[in-house]
Amino acid sequence: MEITVAEALVRCLEQENVEIIFGYPGGAILPVYDALNKSVIKHVLVRHEQGAAHMADGYARVTGKVGVCLATSGPGATNLVTGIANAYMDSVPMVVITGQVATSMVGTDAFQEVDITGITLPITKHNYLVKKPEQLPAVVKKAFLLASTGRPGPVLIDLPKDVAQTKINFKYPKKVALPGYKPTIKGHSAMVQQAAKIMMRSQRPVIYAGGGVRIANAAPELLQLAETICAPVTHTLMGLGSFPGDHPLFLGMLGLHGTRYANQAVTECDCLIAVGARFDDRVVSKISGFAPSAKIIHIDIDPAEIGKNVITQLPIVGDVKNVLGALLTHMEKKENTSWMERIRRLKEEMPLHYKQDGNLKPQYVIEKLNEYKEDSAIVVTDVGQHQMWAALYMRFNEPRSFLSSGGLGAMGFCLPAAIGAQLGAPHRQVILVVGDGGIQMTMQELGTAAEQKLPLKIFILNNNRLGMVRQLQEFYCDSRYFAVDFKLNPDFAELARIYGMEGYTVETPEHLLEILPRVLSSAAPVVVNCIIDREEDVLPMVLDGSNIDEAIE
Amino acid sequence: MKHTLSVLVENNPGVLARVAGLFSRRGFNIDSLAVGMTDNSSVSRMTIVVEGDERYLEQLNKQLHKLVDVIKISDITRDAYVDRELVLIKVSADAAKRAEIMQLVDIFRARIVDVSPKTLTIEVTGNDGKVTAFEDSLRPFGIKELVRTGKIAMLRGKRASSKNHINKEEDES
Ligand SMILES: Cc1ncc(C[n+]2csc(CCOP(=O)(O)OP(=O)(O)O)c2C)c(N)n1
Ligand SMILES: [Mg+2]
């Protein structure tokens, strides 16, 4: 049967089991919207395309499925760019569809024309400009395949308007040819055996777990490995959640703002097992001082990550779940009381701490949220000090329960990502930890959240300033504070009410405790504007040029 | 050390931009790049010359592999291969110098492809060593313009660095 390419696109999405699309319409994408209108797929109308991209991202992080977002040509497409880059940096499976001006106009600087495939070349796993109508079904098939396999990432499809309107004989291909794309899933067996030997022999092993564990759904294997070889587990920001936070082997986050005991354990270890992590500069700090006495075993699905930042003794390229499973078949449970004792002592000697002085401390807010939240709650953060406090003071016992913009560090991520997360997991509690700066980057999505009747629990850690930048100026500019204070912030509680949400302002620990149980059990969307101590620093902190075990606190 | 990479890519629009963009954004320097279709019209071959140590090359290789359009990369530097480059050189050549230049053209088995009262345009093909030597010997006469195609290369003997006829299954329905 002949249908238009736009209709075919929607059929393809249905075949890929897409349930929800985040988008914003416009002229060039009109045919696609007209086709979508007749589909069972739910469309969420956002307030800004950046929001659509972050929502698709949050949805994908929570469900493990491919997130889909849709925008028109030109400004619609450029507004997506931050969200695409964010998904790229954190390896989030996403398919992005943009309208484009008609093929006859492409290249003429036509109204609302931008070269979005050119712009997104370095921030997509791959992208397509669909020039021939009959190409579309295979392109969509390839896009979903690429986005969701190997190291996941965003794939963009740019669809010119005239192509969308052309009729084709629709058939969704079962198989597509991608001769240049062959991700390695199974680890090299000799390497696996050798790695197992090194791990079994090591006296002081540490596991350094990244976002790859969550992506590969490998939390059970990670737990088993840690317990088998008595290796404590430290996490990157992306890795949090993939190992139970209440486990004695849990070390918390490492790196720039990592726990001192995690950084110390890495410094002392004789075998560092990097699992789905990429030795980012925020983790490693000074390369020469990172795990200086360790043999490094690096397990990752992306061969290009191996040896990119640090030299590894034993690389294993493959799917993390697959490789960990294979490793475990070569191992037996061993005991290691002296290393366990050393870890216990480190945690005791260098605990996280902050001063309670009667003011509302951000760390306290997080601790209490942690205490009162549901076990399966999803915590979504923005970027800044509050993000680091959440990473340090929250404990997660389930994967896919902590979402944060890691690689890109994009302020504005929190609210839209949380909307996507809540739509992907309607029965889980979704808690937002966001700064007064970051919320104002994508605050318009309060409209989307309210419209969708999502019971988000939004906690604004409000210091009336760009706290993280103030902290940087304190340490690196001799406290010459500049351009970090907001002289006018809206009353966020009032703003919530305007959107039909509940709004509270909290200024004391007592008040927080009083409202917290009620707020967290309420079925309504809530904004809690927490006026926190403005001078608080995120500590520990590894200064530029220091080793990770030289943090100040 | 200079490396010669023979890279097979899908002949899709934008593939050159993808490869070139990758080099520039990851800070890899290209000495030369020559690209053209193979005997299979859906596949092109790029011959890329780059300079760097082992670790640099390894990273470059892996990053190139991540491009979906890149089918196969062979570093043929250490293999026996034939390589050629074509160069056009416009050199100042007044009547007094002309004979001397023509002698050089003979020695290098180059060809004169255009003549004007004050200049000669010369075509030379060869490997890097020959082409550079020729260029050096013309330099004293005054080179007015020079273009190089970039190097193309092929393994010696019956081995192929990469098959042009990849089994490109058609998208099945
Ligand atoms: C889009 C974007 N612009 C700028 C920055 C740089 N930046 C990092 S943290 C930060 C301050 C964040 O302030 P706020 O949201 O209030 O959080 P706080 O640090 O106060 O907790 C800034 C400006 C960024 N990460 N993202
Ligand atoms: Mg702030």
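As the structure is a computational prediction, the values presented were derived from the model and not from experiment. Scope of the values below: all heavy atoms of this structure, side chains included, with no hydrogens, waters or symmetry mates. Lettering follows sequence order; numbering is per chain, from 1.
- The closest donor-acceptor contact from the side chain of A:T120 to the backbone of A:I123 lies at 3.5 Å or more, if one exists at all.
- Proximity of a side-chain donor or acceptor of A:D90 to a complementary backbone N or O of A:G406 within less than 3.5 Å is detected.
- Looking at A:L129, there are no atoms closer than 4.5 Å to chain B (heavy atoms on both sides), in backbone or side chain.
- Of the atoms belonging to A:D302, it is side-chain heavy atoms, and not backbone ones, that fall under 4.5 Å from chain B.
- For the salt bridge (Lys or Arg N to Asp or Glu O under 4.0 Å) with B:K2, the qualifying choice from B:D128, B:D75, B:D83, B:D31 is B:D31, the only one to do so.
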Does the pair A:Q100 and A:D158 meet the rule for a side-chain hydrogen bond (donor to acceptor under 3.5 Å, both in side chains), with working shown? CA-CA 6 Å; A:Q100 182 55 280; A:D158 197 22; 2.8 Å; yes
side-chain hydrogen bond (donor to acceptor under 3.5 Å, both in side chains) between B:S6 and B:R45: does it pass, once the steps are laid out? CA-CA 7 Å; B:S6 181; B:R45 183 189 303 275; 2.9 Å; yes
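- With a 4.5 Å cut-off on non-hydrogen atoms, B:R18 touches chain A through its backbone and its side chain both.
- Of the atoms belonging to B:L67, it is backbone heavy atoms, and not side-chain ones, that fall under 4.5 Å from chain A.
- Only the backbone of B:V70 comes within contact range of chain A, with heavy atoms under 4.5 Å apart.
- Within the 4.5 angstrom heavy-atom criterion, only side-chain atoms of A:K182, from C-beta onward, approach chain B.
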